[in-house]
Amino acid sequence: MAKASNIRLADVKKINSELFTLTYGSLVAQLIKDYEDDDEVNKQLEKMGYNVGIRLIEDFLAKSGIGMCADFKETADVISKVGFKMFLGVIPTVSNWSADGKEFSLLFDDNPLTDFVEIPPGHQNLLYSNIICGVLRGALEMVQMRVECRFLRDVLRGDDATELRVKLVELLQDEAPPSDE
């Protein structure tokens with residue numbers, strides 16, 4: 001009989017990843033049953049992601065040791081190469097920058113949220129991974145960047161690739177807390 005100490009770390013990560021994927025699938029399935037409307041399910045996934053993102057950023061900053069980014073392009077690289085790698089084990093490609101440098105795409109070769117997934121018939125408007133948009137929006141807002149995020153393409157919907165578009169809406173200003181006077 002194999003000892004627990006002989007279990008390889010890579011195997012544990014794979015098990016955790018698969019458990020997360022299946023749990024997320026169950027969550028989406030329950031939302032579909034509860035709301036019965038793809039647009040409402042999409043809103044709920046984005047809202048859940050936002051709430052995760054505003055908490056996840058603290059863990060990201062503590063574990064990564066990364067300080068403030070110089071500009072939005074550096075932010076995009078950190079999101080791709082550090083954030084996605086740290087939390088989902090993938091590195092999407094940053095591409096399709098807008099001329100003003102305020103909008104980019106993340107292209108996914110692999111989206112671990114979509115392993116074992118088929119969109120149910122009648123749910124063509126479901127944005128299955130929309131929680132990612134919310135996570136990005138929430139996390140970036142906590143570091144003073146208001147963004148819009150949306151899926152342009154998704155292999156689950158029959159597209160040739162999965163592409164997430166991120167647009168910087170505004171840089172937020174740090175507000176001083178109200179005085180006690």
Side-chain angles (χ1 to χ4, degrees), residues 16-61 72 75-76 78-80 83-98 102-172 175:
N16 288 340
S17 172
E18 289 177 357
L19 178 61
F20 174 72
T21 300
L22 295 172
T23 303
Y24 181 72
S26 296
L27 170 76
V28 174
Q30 187 61 50
L31 287 173
I32 290 170
K33 287 179 187 173
D34 290 349
Y35 292 99
E36 299 177 359
D37 175 59
D38 290 348
D39 292 333
E40 188 58 35
V41 171
N42 295 339
K43 286 178 191 173
Q44 292 301 317
L45 289 170
E46 201 278 343
K47 186 177 177 180
M48 287 176 186
Y50 177 83
N51 289 325
V52 169
I54 61 176
R55 289 164 181 81
L56 196 65
I57 189 67
E58 291 178 23
D59 191 39
F60 170 78
L61 292 172
F72 197 50
T75 301
V78 168
I79 289 168
S80 171
F84 276 98
K85 177 69 173 166
M86 183 183 294
F87 294 110
L88 290 177
V90 297
I91 301 176
T93 303
V94 178
S95 65
N96 302 328
W97 279 96
S98 63
K102 293 185 177 184
E103 199 168 351
F104 65 91
S105 290
L106 292 169
L107 299 171
F108 293 83
D109 291 330
D110 181 36
N111 178 353
L113 291 182
T114 61
D115 291 345
F116 320 114
V117 175
E118 290 182 19
I119 299 294
H123 292 281
Q124 295 80 8
N125 294 323
L126 178 66
L127 299 172
Y128 184 84
S129 300
N130 211 38
I131 196 166
I132 295 173
C133 289
V135 169
L136 288 174
R137 192 172 66 85
L140 289 172
E141 195 167 300
M142 293 297 103
V143 292
Q144 309 305 313
M145 293 181 201
R146 180 165 293 129
V147 298
E148 293 174 354
C149 186
R150 68 189 189 288
F151 277 93
L152 296 182
R153 299 182 293 160
D154 191 342
V155 293
L156 287 178
R157 298 172 77 187
D159 296 320
D160 61 336
T162 299
E163 180 178 358
L164 183 75
R165 194 78 177 153
V166 181
K167 178 181 180 181
L168 177 63
V169 176
E170 71 176 310
L171 294 174
L172 304 172
E175 294 182 18

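Everything numeric here is computed off the predicted structure, so don't read it as measured data.
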How would you list, by chain and number, every residue that makes a side chain to side chain contact (heavy atoms under 4.5 Å, CB included) with N111, sequence neighbours excluded? L113, T114, S129, I132
Could you check if a side-chain atom of T75 sits within less than 4.5 angstrom of a side-chain atom of L168, using non-hydrogen atoms only? no
Mind checking what makes side-chain hydrogen bond (donor to acceptor under 3.5 Å, both in side chains) contact with D34, not counting sequence neighbours? Q30
Who pairs with S95 by side chain to side chain contact (heavy atoms under 4.5 Å, CB included), at least two apart in sequence or on another chain? S105, L107
Which pairs pass ring pair (Phe, Tyr, Trp, His ring centres under 6.0 Å) with one or both residues in residues 41-61, sequence neighbours excluded? none
Is the shortest side-chain heavy-atom distance between L126 and N42 below 4.5 Å? yes
Minimum heavy-atom distance between L136 and V147, given as atom pair plus value: O-CG2, 4.3 Å
Contacts of type side chain to side chain contact (heavy atoms under 4.5 Å, CB included), residue S80, not counting sequence neighbours: I91, P92, V94, L106
To the nearest 0.5 Å, how far apart are CD in E163 and CG in L152? 4.5 Å
Reported CG-to-CD distance for the pair L31 and Q44, which is rounded to 0.5 angstrom: 6.5 Å
Supply the atom-to-atom distance L56 CG to N51 CG, rounded to the nearest 0.5 angstrom. 12.0 Å
Selection residues 132-168 - residue pairs positive for ring pair (Phe, Tyr, Trp, His ring centres under 6.0 Å), sequence neighbours left out: none
ring-ring contact (aromatic ring centres under 6.0 Å, His included) involving F104 - partner list, sequence neighbours excluded: F72, W97
The complete set of ring pair (Phe, Tyr, Trp, His ring centres under 6.0 Å) pairs with one or both residues in residues 126-148, sequence neighbours excluded, reads Y24-Y128
Reported NZ-to-SG distance for the pair K167 and C149, which is rounded to 0.5 angstrom: 12.5 Å
D38: side-chain hydrogen bond (donor to acceptor under 3.5 Å, both in side chains) partners, not counting sequence neighbours: H123
Heavy-atom side-chain contact between D154 and L127 under 4.5 Å: no
Residue pairs passing the salt bridge (charged side-chain N to carboxylate O under 4.0 Å, His left out) test where at least one lies in residues 126-150, sequence neighbours excluded: E46-R137, E103-R150, R146-E170
Is there side-chain contact between L27 and T23, with at least one heavy-atom pair below 4.5 Å? no
Just how far is it from atom CG of L172 to atom CE of M142, taken to the nearest 0.5 Å? 8.5 Å
Pairwise side-chain contact, K85 with V90, heavy-atom cut-off 4.5 Å (strictly under): no
What pairs with F87 under ring-ring contact (aromatic ring centres under 6.0 Å, His included), at least two apart in sequence or on another chain? none
Who passes side-chain hydrogen bond (donor to acceptor under 3.5 Å, both in side chains) against D109, sequence neighbours left out? none
Side chains of T162 and L156: closer than 4.5 Å at any heavy-atom pair? no
Nearest heavy atoms of D160 and R153, plus distance in Å: OD1-NH1, 2.7 Å
